[in-house]
Amino acid sequence: MALKQPKKKLSAAALKEERYGRLFVAPPFIGFCLFMAFPIVYAFIASMTTWTGTNNMLEHFVGLRNYANLLQDEKFWKALLNTIIYMIGIPTGMILALVCAVGMNRKIRGIKVLRTMYYVPVVSSLVAVSILWAWVFNYDYGLLNTIIKALTGQHGPNWLGDEFWVKVSMIIFMVWKGLGSSIILYLSGLQSIPRDYYEAAKIDGANAWQLFRKITIPLVSPVTFYLLVMGIIGGFQVFVEVQVMVPDGGINYSAATVVYYLYDKAFKHQQMGYGSAIAFLLCIFIFIVTAINFKCQEKWVKTIE
């Protein structure tokens, strides 16, 4: 049997350095415990109770009943389906962003002003632009229906009052809101591609479409992967747009998302325990989808060598 090696004693300088290291690590560690770890554990315990926010949480322990009820909750599954439908805007936004980024990756006059204009929605208040777009989509006097009537002579659809068109409206708004940040990221990806690749391909007789398909798309795939992962995570957390633009989740809950339903249960109906269960189930969905994305990235994400 091997003898246990005696623990090496640290010098005074090493001990002092170790103390300073722990001192520097302490603030973020304490912050993580207070603002991340403790709320997560607290919310998980709450998800197994019928806590209302005012009663004694531990006296109303129900185990996994909230999760069992949630799996049979039609409103939850409808909200989840709406959330997934809204994610149609993720690939749509990425395609538009890549096309715009290719167009902006040129040395033309005023290009910096144009890039800034596209990025303005990203830094604008989400509540403010949601109110603006609610006016744009207004059935009676909205800008969009006014334009449609002027061009066709017929009144446009009830964008926010119809079960189908409300989803279309939300997708349009979400694509518009996130387009600027996607363009900036694609621009950085395009500008990191060596020009030698394009020049060599042109010498071999490649046309513009072949350059785009064989060089541009594969070499910006890391950006595409990042936008896909972050888009899905953000898509599962849509709330403000629905809260501001479509009161009460729309006709027959046609516009509600999972986070909106969580808010509805936890804060409108004081079902904090049930709302916590929704949050943890949503967390599991996000984790599974993100893990699948990371698992599959090796098959299509390329890097510049």
So, does [X] use its side chain to make a donor-acceptor pair with the main chain of [Y] at under 3.5 Å?
{"X": "Ser276", "Y": "Met272", "answer": "yes"}
{"X": "Asn293", "Y": "Val229", "answer": "no"}
{"X": "Lys78", "Y": "Asn252", "answer": "yes"}
{"X": "Asn145", "Y": "Pro157", "answer": "yes"}
{"X": "Thr257", "Y": "Val238", "answer": "yes"}

Single-linkage hydrophobic cluster, 4.5 Å side-chain cutoff, [X] and [Y] together:
{"X": "Phe35", "Y": "Ile30", "result": "yes"}
{"X": "Ile111", "Y": "Val99", "result": "no"}
{"X": "Tyr141", "Y": "Leu143", "result": "yes"}
{"X": "Leu187", "Y": "Met117", "result": "no"}
{"X": "Val102", "Y": "Trp209", "result": "yes"}

What residue pairs, at least two apart or across chains, pass side-chain hydrogen bond (donor to acceptor under 3.5 Å, both in side chains) with a residue in [range]?
{"range": "residues 19-39", "answer": "Glu18-Arg22"}
{"range": "residues 111-124", "answer": "none"}
{"range": "residues 221-240", "answer": "Tyr186-Thr224"}

Crowded around [X] [atom1]? As in, over 12 foreign heavy atoms under 6.0 Å?
{"X": "Phe29", "atom1": "CZ", "result": "no"}
{"X": "Glu298", "atom1": "CD", "result": "no"}
{"X": "Ile251", "atom1": "CD1", "result": "no"}
{"X": "Glu17", "atom1": "CD", "result": "no"}

To the nearest 0.5 Å, what is the distance between [atom1] ([X]) and [atom2] ([Y])?
{"X": "His269", "Y": "Thr52", "atom1": "NE2", "atom2": "OG1", "value": "13.5 Å"}
{"X": "Met48", "Y": "Leu58", "atom1": "CE", "atom2": "CG", "value": "10.5 Å"}
{"X": "Cys283", "Y": "Ile288", "atom1": "SG", "atom2": "CD1", "value": "10.0 Å"}
{"X": "Thr49", "Y": "Gln271", "atom1": "OG1", "atom2": "CD", "value": "11.5 Å"}
{"X": "Lys177", "Y": "Leu126", "atom1": "NZ", "atom2": "CG", "value": "5.5 Å"}
{"X": "Ile171", "Y": "Ile88", "atom1": "CD1", "atom2": "CD1", "value": "4.5 Å"}

Review point. What residues, two or more places apart in sequence or in another chain, satisfy salt bridge (charged side-chain N to carboxylate O under 4.0 Å, His left out) together with Arg195?
Key: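 Expected list: none.
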TODO: Return each pair, listed once, that meets salt bridge (Lys or Arg N to Asp or Glu O under 4.0 Å) where at least one residue sits in residues 201-223; pairs must be two or more places apart or across chains.
DONE: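 Residue pairs with at least one partner in residues 201-223: there are none.
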### Query
Quick one: salt bridge (Lys or Arg N to Asp or Glu O under 4.0 Å) pairs with a partner in residues 233-248, sequence neighbours left out?
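Counting only pairs at least two positions apart or across chains, the salt bridge (Lys or Arg N to Asp or Glu O under 4.0 Å) contacts touching residues 233-248 are Asp248-Lys268.
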Looking only at non-hydrogen atoms, find the nearest pair between [X] and [Y] and report the distance.
{"X": "Val62", "Y": "Asn66", "result": "CG2-ND2, 4.2 Å"}
{"X": "Ala97", "Y": "Ser182", "result": "CB-CB, 3.4 Å"}
{"X": "Leu211", "Y": "Ala206", "result": "CD2-CB, 4.0 Å"}
{"X": "Ser254", "Y": "Val166", "result": "OG-CG1, 3.7 Å"}
{"X": "Gly189", "Y": "Ser192", "result": "O-OG, 2.7 Å"}
{"X": "Pro39", "Y": "Leu34", "result": "CD-O, 3.3 Å"}

* Asked: Any ring pair (Phe, Tyr, Trp, His ring centres under 6.0 Å) pairs touching residues 271-296, not counting sequence neighbours?
  ->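 For residues 271-296: Phe44-Phe280, Phe225-Phe294.
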Q.
Enumerate the ring pair (Phe, Tyr, Trp, His ring centres under 6.0 Å) contacts for residues 51-104, please, sequence neighbours excluded, ordered by first and then second residue.
A.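 Counting only pairs at least two positions apart or across chains, the ring pair (Phe, Tyr, Trp, His ring centres under 6.0 Å) contacts touching residues 51-104 are Tyr42-Trp51.
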[X]: partners by ring pair (Phe, Tyr, Trp, His ring centres under 6.0 Å), with sequence neighbours left out:
{"X": "Trp165", "answer": "Trp159"}
{"X": "His155", "answer": "Tyr139"}
{"X": "Tyr198", "answer": "none"}

Check: [Y] and [X] side chains under 4.5 Å, non-hydrogen atoms:
{"X": "Leu227", "Y": "Met94", "result": "yes"}
{"X": "Met170", "Y": "Val242", "result": "yes"}
{"X": "Val244", "Y": "Trp133", "result": "no"}
{"X": "Ile90", "Y": "Ile232", "result": "yes"}
{"X": "Val223", "Y": "Leu190", "result": "no"}
{"X": "Asn207", "Y": "Gln210", "result": "yes"}
{"X": "Leu98", "Y": "Val220", "result": "yes"}
{"X": "Ile278", "Y": "Val258", "result": "yes"}

**Asked** Do Gln154 and Ile148 pass the side-chain contact (heavy atoms from CB on, under 4.5 Å) test, and can you show the C-alpha distance, the side-chain angles, and the key distance before you say yes or no?
**Response** CA-CA 7 Å; Gln154 297 182 354; Ile148 291 173; 5.8 Å; no
(message) Taking ring-ring contact (aromatic ring centres under 6.0 Å, His included) as the criterion, tell me which of Tyr261, Phe267, Tyr263 meets it with Phe239.
(response)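 Answer after filtering Tyr261, Phe267, Tyr263: Tyr263.
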Can Phe173 and Val129 be said to form a side-chain contact (heavy atoms from CB on, under 4.5 Å), step by step?
CA-CA 9 Å; Phe173 172 70; Val129 294; 3.9 Å; yes
Going through the checks in order, is the side-chain contact (heavy atoms from CB on, under 4.5 Å) test met by Leu281 and Leu71? CA-CA 10 Å; Leu281 202 58; Leu71 294 176; 4.3 Å; yes
Excluding sequence neighbours, so at least two apart, what forms side-chain hydrogen bond (donor to acceptor under 3.5 Å, both in side chains) with Asp264?
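With sequence neighbours excluded, Asp264 shows a side-chain hydrogen bond (donor to acceptor under 3.5 Å, both in side chains) to Tyr253, given in chain and number order.
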